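It should be emphasised that the depicted structure is a prediction, and the values quoted were computed from it without experimental measurement. Residue numbers start from 1 in every chain, and the chains themselves are labelled A, B, ... in the order their sequence lines are given, proteins ahead of strands.
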Amino acid sequence: MSHSPDLSTRIINWFAENRRDLPWREPGFPAWGTLVSEFMLQQTPVARVIPRLAEWLERWPTPAALASVPSGEAVRAWANLGYPRRALWLHAAAVQITERHGGVVPHDVDDLLALTGVGDYTARAVAAFAYGHRHPVVDTNTRRVIARAVNGNAEPAPPSNARDLAAMESLLPTGSDDAHTFNAGMMELGAIVCTARSPRCDACPIADLCAWRLSGYPEYLGKRKAVQKKYEGSDRHVRGLIMAELRAAHVPVTTVEIETLWSDATQRDRALAGLVSDGLAVYEETGYVLP
DNA sequence: GAGCCGTGGCC
DNA sequence: TGGCCAAGGCT
């Protein structure tokens, strides 16, 4: 677990020169905007988030604004970002922020964790990036950089919160400003240099002390994260087709219309029942609508 | 803790 | 072409 004492400094200096100009890094970007962006960025690439985020914040500039509309409006505005439950959860979080915190996104990690849809990553990201508090922030990019540079592995082991947070804490600078920059810098390095498929070690500020590189890029032999199941023909596929129909429609979608979306009745019924169970679809007199 | 949950771009 | 991957979280 030994590392060069200036790994953190290198990352911080590299970040100052190489950071992308992203909306949530603009001065004065509101904490609410940070929270919304983090919800959207959960498993959705940056490039697809940026336009939806701008629309979202223009329409709902505060948690109270979002809380005041039906959750279905959030699901519709979520558009094709994927995993529409996140839109439902973000709406629920906005209601909770309005009711419990006077409409102000909380600073405290435990208060953030108590919000629907906010897990360990998002809670620490908001506390650190929106409010400047010193917390280790560990996402998939950070985990990969630590796995390679520190542990000498091509890939991180499956996420373990306690272990990953402890590893990041041991690297985190003492000062809150440096800690903030280091958290962001590790994520940025993993996102644009130390990437999953073809790392650009020639552009890496810590290449000369990267344990993985120094040991000759050994193949990863440890436990891997589960392989994603095929999307084509899956229940997720069918759910996606139904949700696209519900988002596009402004009148109830009839059962007959839903039948045209997927021929396998068993799978179709299962998908629809799942959406209803999740609260993403509601039956209303003549058909299904958004909540 | 494994499985599940959308969508699209990239090599 | 198609498998892999993307600022996770919930059950």
Side-chain angles (χ1 to χ4, degrees), chain A residues 15 19-20 22-25 33-53 75 78-90 92-93 112-130 135-145 154-165 168 180 183-192 194-199 220 223-247 270-271 273-275 277-281:
Chain A
F15 184 69
R19 50 179 265 167
R20 293 168 292 177
L22 298 171
W24 43 91
R25 292 178 178 163
T34 301
L35 182 65
V36 174
S37 73
E38 295 299 350
F39 266 82
M40 291 184 170
L41 288 163
Q42 291 169 6
Q43 301 288 281
T44 299
V46 167
R48 239 186 318 147
V49 163
I50 289 174
R52 292 291 88 75
L53 176 66
V75 174
W78 198 255
N80 62 344
L81 288 177
Y83 290 149
R85 290 192 291 193
R86 290 181 293 160
L88 226 42
W89 293 340
L90 178 53
L112 287 159
L113 279 171
L115 301 173
T116 302
V118 174
D120 268 296
Y121 164 74
T122 302
R124 289 184 170 74
V126 170
F129 299 141
H135 294 289
V137 180
V138 178
D139 77 330
T140 186
N141 293 304
T142 304
R143 272 195 294 274
R144 187 169 54 249
V145 174
E155 302 173 27
S160 156
N161 219 5
R163 173 175 49 74
D164 297 340
L165 287 174
M168 188 61 175
H180 177 142
N183 277 319
M186 287 285 276
M187 291 172 60
E188 190 76 343
L189 188 65
I192 68 180
C194 193
T195 56
R197 285 172 232 189
S198 45
Y220 181 66
K223 197 172 297 183
R224 300 196 166 197
K225 51 188 168 192
V227 183
Q228 244 177 48
K229 274 182 59 183
K230 188 171 76 169
Y231 181 71
E232 187 70 27
S234 67
D235 283 9
R236 292 155 78 183
H237 187 175
V238 182
R239 287 168 58 107
L241 292 173
I242 296 171
M243 286 307 298
E245 192 75 13
L246 295 185
R247 286 196 304 268
R270 187 170 62 233
L275 291 173
S277 167
D278 289 343
L280 285 165

### Summary
5'-most contact on DNA chain B (nearest-nucleotide basis), A/S198 vs A/L241, goes to A/L241
Is the shortest side-chain N/O distance from [X] to OP1 or OP2 of [N] below 4.0 Å?
| X | N | answer |
| --- | --- | --- |
| A/Y83 | C/dG8 | no |
| A/R247 | B/dT7 | yes |
| A/N80 | B/dG6 | no |

Heavy atoms from C-beta onward define the side chain here; which of [options] lies closest to that of [X]?
| X | options | value |
| --- | --- | --- |
| A/Y121 | C/dA7, C/dG3, B/dT7 | C/dA7 |
| A/V227 | B/dG6, C/dC4, C/dG8 | C/dC4 |
| A/T122 | B/dG6, C/dG9, C/dA7 | C/dG9 |
| A/R85 | B/dC5, B/dT7, C/dG8 | B/dC5 |
| A/Q228 | B/dT7, C/dA7, C/dG3 | B/dT7 |
| A/R197 | C/dC4, C/dA6, C/dA7 | C/dC4 |

### Message
On DNA chain C, compare the nucleotides closest to A/G117 and A/W24; which residue's is nearer the 5' end?
### Response
A/W24
### Query
Mapping A/Q42 and A/K225 onto DNA chain C by nearest heavy atom, which one lands closer to the 5' end?
A/K225
Does the [N] base have a donor-acceptor partner in the side chain of [X] within less than 3.5 Å?
| X | N | answer |
| --- | --- | --- |
| A/R236 | B/dT7 | no |
| A/Q43 | C/dC5 | no |
| A/R239 | B/dG6 | no |
| A/T44 | B/dG8 | no |

#### Entry: Derivation and outcome, side-chain hydrogen bond (donor to acceptor under 3.5 Å, both in side chains), residues A/R86 and A/T44
CA-CA 11 Å; A/R86 290 181 293 160; A/T44 299; 2.8 Å; yes
Using the [atom1] atom in both, what is the distance from [N] to [M], to the nearest Å?
| N | M | atom1 | result |
| --- | --- | --- | --- |
| C/dA7 | B/dA2 | C1' | 23 Å |
| C/dT1 | B/dG6 | P | 26 Å |
| B/dG8 | C/dG9 | P | 23 Å |
| C/dA6 | B/dC5 | C1' | 14 Å |

### Query
Would you call A/R124-A/D120 a salt bridge at under 4.0 Å N-O?
yes
### Query
When you check the gap from the basic side-chain N to the acidic O, do A/R144 and A/E155 get nearer than 4.0 Å?
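Not counted as a salt bridge, because no side-chain N and carboxylate O are separated by less than 4.0 Å.
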Any base atoms under 4.0 Å from [X], or only sugar-phosphate, or nothing? Heavy atoms, all strands.
| X | value |
| --- | --- |
| A/F39 | nothing |
| A/L22 | base |
| A/A125 | nothing |
| A/R144 | sugar-phosphate |
| A/D120 | sugar-phosphate |
| A/R20 | base |
| A/P158 | nothing |
| A/G119 | sugar-phosphate |
| A/V49 | nothing |

### Query
Quick one: are A/P159 and A/R143 in side-chain contact, heavy atoms under 4.5 Å?
yes
### Task
Check whether any side-chain heavy atom of A/L53 sits under 4.5 Å from a side-chain heavy atom of A/V36, and report yes or no.
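Yes, close enough: below the 4.5 Å cut-off.
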Once you round it to whole Å, what is the distance between [atom2] of [N] and [atom1] of [X]?
| X | N | atom1 | atom2 | result |
| --- | --- | --- | --- | --- |
| A/M40 | C/dG9 | CE | P | 16 Å |
| A/L90 | C/dG8 | CG | C1' | 14 Å |
| A/E155 | C/dC4 | CD | P | 11 Å |
| A/E188 | C/dA6 | CD | P | 14 Å |
| A/K229 | C/dG3 | NZ | P | 14 Å |
| A/R19 | C/dA7 | CZ | P | 17 Å |
| A/D164 | C/dG8 | CG | P | 13 Å |
| A/L280 | C/dC10 | CG | P | 15 Å |

### Task
Please assess A/V46 against A/W24 for the test side chain to side chain contact (heavy atoms under 4.5 Å, CB included), listing each intermediate value before the final yes or no.
CA-CA 11 Å; A/V46 167; A/W24 43 91; 3.9 Å; yes
### Query
At their closest point, which heavy atom of A/L246 faces which heavy atom of A/A281, and how far apart are they?
CD1-CB, 3.7 Å
### Task
Verify side-chain hydrogen bond (donor to acceptor under 3.5 Å, both in side chains) between A/Q42 and A/Y121, making sure each step is shown before the conclusion.
CA-CA 9 Å; A/Q42 291 169 6; A/Y121 164 74; over 6 Å; no
